[in-house]
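Here the structure is laid out as structure tokens; the discussion comes afterwards.
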Amino acid sequence: MNTEQKKAHHVFILMGVSGSGKSALASAIAAQLGAACLDGDFLHPRANISKMAAGHALNDEDRAPWLQALNDAIFAMQRTNAISLLVCSALKESYRDKLRAGNQNVSFIYLKGSFEVIEQRLKARKGHFFKPQMLVTQFETLQEPGEQETDVYTVDIKQPLDGVVADAVKIIQRIIG
């Protein structure tokens with residue numbers, strides 16, 4: 001694979017706490033750019049989904065097989081798609097490191113929002129296994145990306161979805177050239 005091909009095959013991980021708009025953003029970007037899209041929640045083991053549905057937060061042990069499955073999906077997506085999107089909370093730096101491991105051309109788009117903004121969104125949600133009371137745990141778990149994570153780009157979500165999409169598309173276009 002030459003350098004030009006490598007640059008073109010890029011996976012963008014849309015990260016942030018539940019309710020930050022990752023899935024809505026992924027759908028909009030995929031439609032606009034013709035990108036492949038995978039919601040990382042679909043790769044959670046049954047036990048994780050049952051645990052979250054019962055209102056319990058996942059721990060690092062619960063997340064380990066899920067993060068490995070996501071890492072494998074990133075590898076496969078890079079090989080087959082020019083632009084791929086992966087929806088994944090990626091709350092801790094160690095989780096992001098596990099997603100990066102062995103994968104080139106991976107960037108994160110961090111959907112940053114306040115507790116209050118996201119809480120209102122979660123209260124308005126229907127048909128999702130995430131319980132709004134778990135938001136506290138998500139914010140406690142969140143390790144916001146620091147300067148050392150040069151592959152993470154931040155988008156402020158305290159704006160209409162169209163603005164979030166426009167900001168994210170600009171980031172993607174800048175990275176892929």
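As the structure is a prediction and not an experimental result, all values here were calculated from the model.
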For this session: Report the C-alpha separation of Leu86 and Val106 in whole Å, then their side-chain angles, then the decisive distance to 0.1 Å, and conclude whether the side-chain contact (heavy atoms from CB on, under 4.5 Å) test is met.
Result: CA-CA 10 Å; Leu86 174 65; Val106 174; over 6 Å; no

For this session: Evaluate side-chain contact (heavy atoms from CB on, under 4.5 Å) for Gln173 paired with Leu33, printing each intermediate quantity in order.
Result: CA-CA 10 Å; Gln173 290 175 333; Leu33 299 180; 4.0 Å; yes

For this session: Could you please spell out the steps behind the side-chain contact (heavy atoms from CB on, under 4.5 Å) verdict for Trp66 and Leu58?
Result: CA-CA 11 Å; Trp66 175 63; Leu58 300 179; 5.7 Å; no

For this session: Test Lys92 against Asp60 for side-chain contact (heavy atoms from CB on, under 4.5 Å), laying out the working first.
Result: CA-CA 10 Å; Lys92 289 185 179 181; Asp60 288 353; 3.1 Å; yes

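Between Ala73 and Leu43, the closest heavy-atom pair is CB-CD1, 4.0 Å. Across all non-hydrogen atoms, the minimal contact from Tyr95 to Arg63 is OH-NH1, 3.1 Å. The two residues Met77 and Leu85 make their nearest non-hydrogen contact at CE-O, 3.4 Å. Between Leu161 and Ala24, the closest heavy-atom pair is CD2-CB, 4.1 Å. Residues Val164 and Ile157 come closest through the heavy atom pair CG2-CA, 3.9 Å. Counting all heavy atoms, side chain and backbone alike, Phe139 lies closest to Ser114 at CZ-C, 3.9 Å.
No continuous path of ILVMFWY side-chain contacts below 4.5 Å connects Phe75 to Val87, so the two sit in separate hydrophobic clusters.
Atom OG of Ser27 sits about 10.0 Å away from atom CG of Leu14, to the nearest 0.5 Å. The line from CZ of Phe108 to SG of Cys88 is 7.5 Å long, rounded to the nearest 0.5 Å. Atom CD1 of Ile49 sits about 7.5 Å away from atom CG of Asp41, to the nearest 0.5 Å. Expressed to the nearest 0.5 Å, how far CG of Leu99 lies from CG of Asp72 amounts to 11.0 Å. We find the CD-CG distance between Glu119 and Leu135 to be 6.5 Å, quoted to the nearest 0.5 Å. To the nearest 0.5 Å, atom CD1 of residue Ile83 and atom NE2 of residue His9 are 10.0 Å apart.
Side-chain contact between Val11 and Asn103 is absent, with no heavy atoms from C-beta onward closer than 4.5 Å. A 4.5 Å side-chain heavy-atom check between Ile118 and Gln138 finds every atom pair outside the cut-off. Counting only heavy atoms from C-beta outward, the side chains of Pro145 and Thr154 never approach each other to under 4.5 Å. When side chains are defined from C-beta on, Ser23 counts as touching Asp39, because their heavy atoms get closer than 4.5 Å. Asp97 places a side-chain heavy atom less than 4.5 Å from the side chain of Arg100. The side-chain heavy atoms of Ile175 and Phe12, taken from C-beta on, include a pair separated by under 4.5 Å.
Atom CD of Glu61 sits in a sparse spot, with 12 or fewer heavy atoms from other residues, nucleotides or ligands closer than 6.0 Å.
Remark: the backbone N or O of Lys158 is not paired with any side-chain donor or acceptor of Lys112 at under 3.5 angstrom.
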